[in-house]
Novice: 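First the structure, then my questions, so here it is.
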Amino acid sequence: MSNIMLRFTKMHGAGNDFVMLDNRAGGLQLTPAQISWICDRHRGVGADGILLLEKAANGADFRMRYYNRDGGEAEMCGNGARCFARFANKVAGVLGPITFQTPAGIIGAEVDKDRVTLQMSDPTDLRLNVKLQLEGEDATVHVINTGVPHVVVPVSRVGMVNVHARGAAIRHHEMFSPKGTNANFLEKRGARSIAIRTYERGVEDETLACGTGVVASALIFAAREKVRGPITVLVRGGSELSVDFEQDGQRFRDVTLTGPAEFVFEGTIEI
């Protein structure tokens with residue numbers, strides 16, 4: 001098979017970076033090895049994941065496909081979805097709100113300059129005060145699915161956490177097998193303000209930001225502290241994101257995530 005030249009756009013949302021590809025023609029079929037190579041920071045473009053813009057089949061404006069840098073497809077990526085909305089606006093010339101189809105449901109997005117507000121799918125599987133063994137110790141964690149599964153662990157000082165080691169222990173814990181989970185460490189900074197760090201499944205390391213992790217952490221914080229939104233979330237990359245929601249007991253709905261989505265550069269790569 002002859003090599004092809006692939007046009008791409010590099011974007012980031014709060015430091016979480018992505019290679020964006022326009023696949024509305026439907027001819028692009030990337031293998032996991034090709035995805036990993038494109039995402040390689042030394043040998044490829046370098047990114048936490050790849051986003052494909054495709055035609056939708058169910059009444060939404062577009063379809064979003066997201067691949068982690070290990071080549072595996074994931075249901076949802078909050079920072080990626082904000083970038084996707086700006087990318088779709090640019091390449092498809094769409095103005096105003098858009099909707100796109102994901103395995104986690106239909107996501108709505110509204111673009112305001114370089115900030116994007118996402119209307120997230122309703123979270124599921126909220127479980128507070130789950131007991132488990134972590135690195136030989138008893139631990140209490142909180143669980144929620146915000147499109148992908150997340151564990152949230154409150155800590156006194158988020159800067160002191162060994163995110164790589166402790167995050168990996170949670171990600172691979174038998175309670176969450178076989179698919180695993182993402183792990184977030186949450187420090188309370190104010191009445192409606194938190195700072196978090198996230199270990200991402202599929203990246204298998206800490207990232208500068210994780211959109212679904214921001215939402216998961218904010219909702220767990222709201223449930224435990226019994227506060228209303230919006231919740232301000234400071235991520236490792238230094239950006240502040242905002243999460244708002246309606247709450248009915250332990251059920252959350254009308255969840256929105258607002259944060260930056262920025263273009264970095266465009267180019268071509270031979271695959």
Novice: Could you tell me whether a side-chain N or O of Ser242 sits under 3.5 Å from a main-chain N or O of Pro230, the two making a donor and an acceptor?
Specialist: no
Novice: Hey, does Asp112 have a side-chain heavy atom less than 4.5 Å from the side chain of Val116?
Specialist: no
Novice: List the atom of Pro260, the atom of Ser239, and the distance in Å for their closest heavy-atom pair.
Specialist: CG-OG, 4.2 Å
Novice: Inspect the contact between Asp122 and Arg253 and indicate whether a charged nitrogen and a carboxylate oxygen are less than 4.0 angstrom apart.
Specialist: no
Novice: Can you see whether Glu200 engages Thr207 through a side-chain donor-acceptor pair at a distance of less than 3.5 angstrom?
Specialist: yes
Novice: When rounded to the nearest 0.5 angstrom, what distance separates OG1 in Thr9 from CG in Leu53?
Specialist: 10.5 Å
Novice: Looking at CD of Glu270 and CE of Met5, how far apart are the two atoms once the value is rounded to the nearest 0.5 Å?
Specialist: 5.5 Å
Novice: Determine, stepwise, if the pair Met175 / Val130 fulfils side chain to side chain contact (heavy atoms under 4.5 Å, CB included).
Specialist: CA-CA 10 Å; Met175 182 179 286; Val130 176; 3.6 Å; yes
Novice: Using side-chain heavy atoms (C-beta onward) and a distance below 4.5 Å, is Arg65 in contact with Glu73?
Specialist: yes
Novice: Got Leu219 and Pro123 here, is their nearest side-chain heavy-atom distance under 4.5 Å?
Specialist: yes
Novice: Using every non-hydrogen atom in the two residues, find where Gln119 and Asp254 come nearest and quote the distance to one decimal.
Specialist: NE2-CA, 3.2 Å
Novice: Decide yes or no on side chain to side chain contact (heavy atoms under 4.5 Å, CB included) for Ile38 and Ile271, but give the supporting numbers first.
Specialist: CA-CA 9 Å; Ile38 292 169; Ile271 63 166; 4.2 Å; yes
Novice: Given the rule that I, L, V, M, F, W and Y join up when any side-chain heavy atoms are under 4.5 Å apart, are Met76 and Ile50 in one cluster?
Specialist: no
Novice: Measure from the side-chain N and O atoms of Glu246 to the backbone N and O of Asp248, and report whether any donor-acceptor pair falls under 3.5 Å.
Specialist: no
Novice: Less than 4.5 Å apart, side chain to side chain, heavy atoms only: is that true for Ile107 and Thr99?
Specialist: no
Novice: Which distance, rounded to the nearest 0.5 Å, do you find between the CG of Asp22 and the CZ of Phe62?
Specialist: 9.0 Å
Novice: Can you tell if the side chain of Thr102 reaches within under 4.5 Å of the side chain of Arg63, non-hydrogen atoms only?
Specialist: no
Novice: Taking the side chain as every heavy atom from C-beta outward, state whether Asn182 and Tyr199 have any atom pair closer than 4.5 Å.
Specialist: no
Novice: Between Leu257 and Val214, is there a side-chain heavy-atom distance shorter than 4.5 Å?
Specialist: yes
Novice: For Asp40, give me all partners under side-chain hydrogen bond (donor to acceptor under 3.5 Å, both in side chains), at least two apart in sequence or on another chain.
Specialist: Arg43
Novice: Strictly distance-based, threshold 3.5 Å: is any side-chain N or O of Arg82 a donor or acceptor partner for the main-chain N or O of Gly259?
Specialist: yes
Novice: Under a single-linkage definition using a 4.5 Å side-chain heavy-atom cutoff for Ile, Leu, Val, Met, Phe, Trp and Tyr, are Phe252 and Met120 assigned to the same hydrophobic cluster?
Specialist: yes
Novice: Should we say atom CD of Gln29 is surrounded by more than 12 heavy atoms from elsewhere, each under 6.0 Å from it?
Specialist: no
Novice: Is Arg236 salt-bridged to Glu206, going by a charged N under 4.0 Å from an acidic O?
Specialist: yes
Novice: Do you know which two heavy atoms are closest between Ala81 and Leu118, and how far apart they sit?
Specialist: CB-CD1, 3.6 Å
Novice: For residues Cys83 and Gly13, report the shortest heavy-atom separation together with the two atoms involved.
Specialist: SG-N, 3.6 Å
Novice: Spell out, as yes or no, whether a donor-acceptor pair under 3.5 Å connects the side chain of Asn68 to the backbone of Gly71.
Specialist: no
Novice: For residues Val243 and Leu128: do they belong to one hydrophobic cluster (side chain heavy atoms under 4.5 Å, members Ile, Leu, Val, Met, Phe, Trp, Tyr)?
Specialist: yes
Novice: Taking only residues two or more places apart in sequence or in another chain, which ones pass side-chain hydrogen bond (donor to acceptor under 3.5 Å, both in side chains) with Glu187?
Specialist: Arg189
Novice: As an exercise, state the distance from CD of Gln101 to NZ of Lys55, rounded to the nearest 0.5 Å.
Specialist: 13.5 Å
Novice: In Å, rounded to the nearest 0.5 Å, how long is the span from OG1 of Thr198 to CG of Asn79?
Specialist: 9.0 Å
Novice: Can I get a per-line list of side-chain donor-acceptor pairs under 3.5 Å for residues 134-161, giving both atom names and the distance, sequence neighbours left out?
Specialist:
residue, atom, partner, partner atom, Å
Glu135, OE1, Arg166, NH1, 2.7
Asp138, OD1, Gln133, NE2, 2.5
Thr140, OG1, Lys131, NZ, 3.1
His142, ND1, Asn129, N, 3.0
His142, NE2, Arg224, NE, 3.2
Asn145, OD1, Gly147, N, 2.8
Asn145, OD1, Val148, N, 3.2
Thr146, OG1, Thr212, O, 2.9
His150, ND1, Asn184, ND2, 2.9
His150, NE2, Thr212, OG1, 2.8
His150, NE2, Gly213, N, 3.4

Novice: Hey, what do you get for CG (Leu132) to CD1 (Ile170), rounding to the nearest 0.5 Å?
Specialist: 7.5 Å
Novice: Is any side-chain N of the basic residue among Arg41 and Asp17 closer than 4.0 Å to the acidic one's carboxylate O?
Specialist: yes
Novice: I need the minimum non-hydrogen distance between Tyr66 and Asp48, along with the two atoms involved.
Specialist: OH-O, 3.6 Å
Novice: Does Phe221 have Lys188 sitting over its ring (NZ/CZ under 6.0 Å from centre, angle to axis within 45°)?
Specialist: no
Novice: May I have the step-by-step check of side chain to side chain contact (heavy atoms under 4.5 Å, CB included) for Arg86 and Met11, ending in yes or no?
Specialist: CA-CA 9 Å; Arg86 281 201 78 192; Met11 298 187 70; 3.9 Å; yes
Novice: Salt-bridged, Arg171 to Glu204, with N to O below 4.0 Å?
Specialist: yes
Novice: State whether Arg115 and Glu110 are salt-bridged, where the test is any N-O pair (Lys NZ or Arg NE/NH1/NH2 against Asp/Glu carboxylate O) under 4.0 Å.
Specialist: no
Novice: Any idea how Phe84 and Phe100 line up, ring-wise: parallel (<30°), tilted (30 to 60°), or perpendicular (>60°)?
Specialist: tilted
Novice: Going by atom types only, do Thr117 and Thr258 share a side-chain donor-acceptor pair under 3.5 Å?
Specialist: yes
Novice: Heavy-atom distance under 4.5 Å between the side chains of Val45 and Ile269, does that happen here?
Specialist: yes
Novice: When hydrophobic residues are tied together by side-chain contacts of less than 4.5 Å, even through go-betweens, does Tyr67 share a cluster with Phe8?
Specialist: yes
Novice: Under the side chain to side chain contact (heavy atoms under 4.5 Å, CB included) criterion, do Lys90 and Phe263 qualify, and how do the steps go?
Specialist: CA-CA 10 Å; Lys90 182 178 181 181; Phe263 293 99; 3.6 Å; yes
Novice: Is Leu6 reachable from Trp37 through a run of hydrophobic residues whose side-chain heavy atoms are each under 4.5 Å from the next?
Specialist: yes
Novice: Using only atom types and a distance under 3.5 Å, with no angle test, would you say the side chain of Asn89 pairs donor to acceptor with the backbone of Val91?
Specialist: no
Novice: Return the minimal non-hydrogen interatomic distance between Gly229 and Phe245, and the atom names on each side.
Specialist: N-CZ, 3.3 Å
